[in-house]
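First the structure, in the form of C-alpha cells, and then the observations on it.
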Amino acid sequence: MTTQPKKKKTMPKLTRVTDYIWDVPTDFIEGMRVPGRLFLSPRLLKGLEIDTLTQTANVATLPGIQKYSMAMPDAHPGYGFPIGGVAAFDAEEGVISPGGVGFDINCGVRVIRTNLTEKDVRPKIRKLIDALFHAVPTGVGAKSKLRVSDSELRRVFEDGAKWAVEEGYGVADDLEHCEENGRIELPGDLKVSDKVMKRGKPQLGTLGSGNHFLEVQCVREIYDQDIADAFGLRVGDITVMIHCGSRGAGHQICTDHLKVLGKAAKKYGIELVDRQLACAPVQSKEGQEYFAAMCAGANYAWANRQVITHWVRETFHQFFGDVEMDLVYDVAHNVAKLEEHVIDGKSQMVYVHRKGATRAFPAGHPDVPKAYRSVGQPVLIPGSMGTPSYILCGMDKAMELTFGSACHGAGRIGSRKAAMRKFRGAEIEKELLAKGITVKATHPSVLAEEAPAVYKPSDAVVEVVHQVGIACRVAQVVPIGVAKG
DNA sequence: ATGTAC
C-alpha cells in the first residue's frame, strides 16, 4: 500500500568507505534492501541535502535492486529518485520506474569538434550566437521549422538519430559516435498516446528551456594527451556542445506511464515508501510497456539532437566555409538500459536506471565505438552557463563500482524561483560578457534561473569521479558563446 | 524538465 514519503530530518551516521565513498546503512529507512552509496568529496558531503540522501535510501527499498542505491557527486533531489541517481534492478525479479529515468527522457549531451581555433571565432561570436539562436528554435513551447507527418514521427520514435541521418540531417559517421548508435530497438510495437504524438510533432528540432543550451566552446586544457588524441581534441580548438532532450514528447510519455505504474505498484503488491517511486515489475505488461515507450522517447531525443546538429553545421558553414564538424560523442543522461554486468563475480542482466548520470564504459567494452575502443567511452559533463565543461573517459572502476556510470553535470544547489529572486538576468549577462562569454536567451529571467552561482562547481564534481577512478579527466572546455532557452 | 497547475 502507498504511503507518504518518509520525512527523515536528521542525517544518519554514514559509513566511510574511502574519502570519496560513503555508505548509507540499511537501518536508515525501513525496508532498505541494500545500502545507499554516495560518491562525494568531504567538501560536497558538507553540502549534501537530507532530501537527496533520503531519496537515495528510498530507492534502496525497491524490489530487485542490486548492490547499492547510488548517488553521484552532483546528486540533488528529484521526482522520487534523486537526480544524479544510479540504480540497477535484476532483469527478472526487479522493477522499472519512470522516476528513475526522469521526465526528460534521454536528456543528453553531444559534442562536435571543429578545426577552427578561438581566434577564428571570437571576432564573430556575437553574430554566430545570434545565428545559432535563430537556426535552432529555443524556449518553452518552441515550435520547430521542421514539419513531420504522423508516419514520419512514428519512424522518429522507432529509429531515433538513424531516421534523421536517413532524412539527410547528418552522416552515417554521426551514428557510430552516439551511445547506442542513437537508437534503441523498441522491445515491441510502438505504442504512444495521441497526446505524445500531438506534443512531439511540432517540437522535433527544438532546444527547449531550463538548463538546456547550445554552447560554442574552446578546448582550454588537456589532462590526458593520448585519450584526447583518440577523441580528436586539441588545445585551442573550437567545440560545440548541445544539451537537450525529448521535449514535450518525453514528458508526456513519463506522465502517461506514471499513472499506469502508480496503479501497477499496488496491483503487484509493491510497497512504496514514496508514491513518486511508482514502478512495476520490469517483466510485467505495465513494466514492459513503459520501457518500450521510454525507448521511443529516447529515440526522439536522439533524433532531436541530430536535427539540431544539422542546423548548427549549416550555420557554421555559412560563417566559416567548409569547416570540419565531426561528432565526438553523444551521451544520454536520463535513461534506463538493459545491460549485462558482473555482480559478485557472476554475469547478470539488469535494468540500469541512470537519472542525471552518464554511462561511462571503459576500454574494451563492445558498446564503445571502435574509434575509442582502446581508450574508453567519452563522458561529457556540461558545466553551468559560464563555467567549464569537462570531457572524461570511462574507466574499469565504473564497471566494478557504478554499473558503468558517472556524474552528468554540475548539479543545482537552489531552486529556480530562489535564483530568480536573487539574480537579475541583465547583471548575469554583463558578468558573463566580462569573462568573455556572449549569451543570448529567450528572456533575461532564463539567465537569472541558470546563474552559475546556483550550481555546484563542475570541477568539484568531476574531481570525485576522477579520484574514485570511474572516469578520468581528458579535457576542459570553456564557453565563449551560449544560446539558452 | 514541462502547453512551468486540468
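Below, all heavy atoms of this structure are taken into account, side chains as well, without hydrogens, waters or symmetry copies.
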Query raised in the report: With the threshold set at 4.0 Å, does a side-chain nitrogen-carboxylate oxygen contact exist between A:D174 and A:R313?
Result: yes
Output yes when A:R412 and A:E450 qualify as a salt bridge under the 4.0 Å nitrogen-oxygen rule, no when they do not.
yes
Could you check whether [X] gets within reach of a base, just the sugar-phosphate, or nothing at all, counting any heavy atom under 4.0 Å?
{"X": "A:Q203", "result": "sugar-phosphate"}
{"X": "A:T255", "result": "nothing"}
{"X": "A:G245", "result": "nothing"}

Round to a whole Å and report the spacing from [atom1] of [X] to [atom2] of [N].
{"X": "A:Y300", "N": "B:dT2", "atom1": "OH", "atom2": "P", "result": "11 Å"}
{"X": "A:L258", "N": "B:dC6", "atom1": "CG", "atom2": "C1'", "result": "16 Å"}
{"X": "A:K143", "N": "B:dT2", "atom1": "NZ", "atom2": "P", "result": "14 Å"}
{"X": "A:N106", "N": "B:dT2", "atom1": "CG", "atom2": "P", "result": "13 Å"}
{"X": "A:D104", "N": "B:dT4", "atom1": "CG", "atom2": "P", "result": "15 Å"}
{"X": "A:K198", "N": "B:dC6", "atom1": "NZ", "atom2": "P", "result": "14 Å"}
{"X": "A:K417", "N": "B:dT4", "atom1": "NZ", "atom2": "P", "result": "13 Å"}
{"X": "A:K259", "N": "B:dC6", "atom1": "NZ", "atom2": "P", "result": "9 Å"}

Assign each of A:R416 and A:V140 the nucleotide of DNA chain B bearing its closest heavy atom; nearer the 5' end lies the nucleotide of A:R416
Just by distance, no angles: are the side chains of A:R354 and A:S405 close enough, under 3.5 Å, to form a donor-acceptor pair? yes
Residue pairs passing the ring pair (Phe, Tyr, Trp, His ring centres under 6.0 Å) test with at least one member in residues 410-429 of chain A, sequence neighbours excluded, are none
